[in-house]
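Remarks on the structure that follows.
Since this is a predicted model, take the numbers as computed values, not measurements. Chain naming here is simple, since letters A, B, ... match the order of the sequence lines and numbering starts at 1 in each.
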Amino acid sequence: DTAVSQTPKYLVTQMGNDKSIKCEQNLGHDTMYWYKQDSKKFLKIMFSYNNKELIINETVPNRFSPKSPDKAHLNLHINSLELGDSAVYFCASSQQKTTTQETQYFGPGTRLLVL
Amino acid sequence: DQQVKQNSPSLSVQEGRISILNCDYTNSMFDYFLWYKKYPAEGPTFLISISSIKDKNEDGRFTVFLNKSAKHLSLHIVPSQPGDSAVYFCAADDTGRRALTFGSGTRLQVQP
């Protein structure tokens, strides 16, 4: 009964490769997010999608492309991986309501190491 | 430019005592504040939140206080238990933007 799940949990790859991380939520939420936790442990927003529509794109290189086939899934594809992409990537979701404040629920994270 | 700051990277308390974790913010647009707890190799787990229209919210052993004029919030855990040992992240949301801004976290260690 996992609420927000991510695959894979660990990803080790070579520089220059292309990789994807998948995220699924079974909470019935309308909004999904990708966050990156860097080496200094800061969690920073990368993207958010609402009902498959891109809402936020936080100055992320074009090599990162989110894809939302439906509102329960938000995948992250990374082209031409660089050493600096090594981080932990967290997916999150929240219920979209226009007048109330919503809590975001996080997945377990994907630990990406680029060699 | 850190808009949410947790100036104490770590805190150690005795079991049964109170743990107080602090957080400061600079952006006046923030109107919703959350605390997340994180264990190693897991995702952040939502703990408690508070809207900017309130100054206190309580849930069992956890209470969050918000001082808007000082742009400061704190999380109180009473009594602290060894299972509370984790990294605690303060986060703030601008409801219009819907993207959390996180602090750098405080590692809490509760000694038995």
Top residue by heavy-atom pair count (under 4.5 Å) with chain A, among B/Thr101, B/Val4, B/Leu100? B/Leu100
Choice from B/Asp31, B/Val87, B/Asp93 maximising heavy atom contacts with chain A below 4.5 Å: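 Heavy-atom pairs under 4.5 Å are most numerous for B/Asp31.
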Under 4.5 Å from any heavy atom of chain A - which part of [X]:
X: B/Phe46; answer: side chain
X: B/Ala91; answer: neither
X: B/Leu34; answer: side chain

Please tabulate, one pair per line, all N/O donor-acceptor pairs under 3.5 Å involving side-chain atoms of residues 103-111 of chain B, not counting sequence neighbours.
{"residue": "B/Thr106", "atom": "OG1", "partner": "B/Ser8", "partner atom": "O", "Å": "2.6"}
{"residue": "B/Gln111", "atom": "NE2", "partner": "B/Ser12", "partner atom": "OG", "Å": "3.3"}

Which heavy atom in B/Pro44 sits nearest to a heavy atom in A/Gly107, and how many Å separate them?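 Answer, listing the atom of B/Pro44 first, then A/Gly107: CD-O, 4.5 Å.
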Residue pair A/Lys41 / B/Phe89: nearest heavy atoms and the distance that separates them: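 Reported closest heavy-atom pair: O-CE2, 3.7 Å.
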For A/Phe106, ring pair (Phe, Tyr, Trp, His ring centres under 6.0 Å) partners two or more places apart: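 Here the qualifying residues are A/Tyr35, B/Tyr36, B/Phe102.
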Would you say [Y] ends up clustered with [X] if hydrophobic residues are merged whenever their side chains have heavy atoms under 4.5 Å apart, either directly or through other cluster members?
X: A/Tyr49; Y: A/Tyr89; answer: yes
X: B/Val64; Y: B/Leu66; answer: yes
X: A/Leu74; Y: A/Leu11; answer: yes

Can you tell me if [atom1] on [X] sees more than 12 non-hydrogen neighbours from other groups inside 6.0 Å?
X: B/Arg17; atom1: CZ; value: no
X: B/Lys54; atom1: NZ; value: no
X: A/Glu53; atom1: CD; value: no
X: A/Asp70; atom1: CG; value: yes

If I measure from the heavy atoms of chain B, does A/Ile56 come under 4.5 Å with its side chain, its backbone, both, or neither? side chain
At a 4.5 Å cut-off on heavy atoms, which part of A/Lys44 comes close to chain B: side chain, backbone, both, or neither? neither
Looking at CD1 of B/Ile48 and OG1 of A/Thr103, how far apart are the two atoms once the value is rounded to the nearest 0.5 Å?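 If we round to the nearest 0.5 Å, B/Ile48:CD1 and A/Thr103:OG1 are 10.5 Å apart.
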At what distance, to the nearest 0.5 angstrom, does CD of B/Glu42 lie from CZ of A/Phe90? 9.5 Å
Heaviest contributor of heavy-atom pairs below 4.5 Å to chain B, chosen from A/Gln37, A/Glu58, A/Arg111, is A/Arg111
Under 3.5 Å side-chain donor-acceptor pair for B/Thr45 and A/Tyr105: no
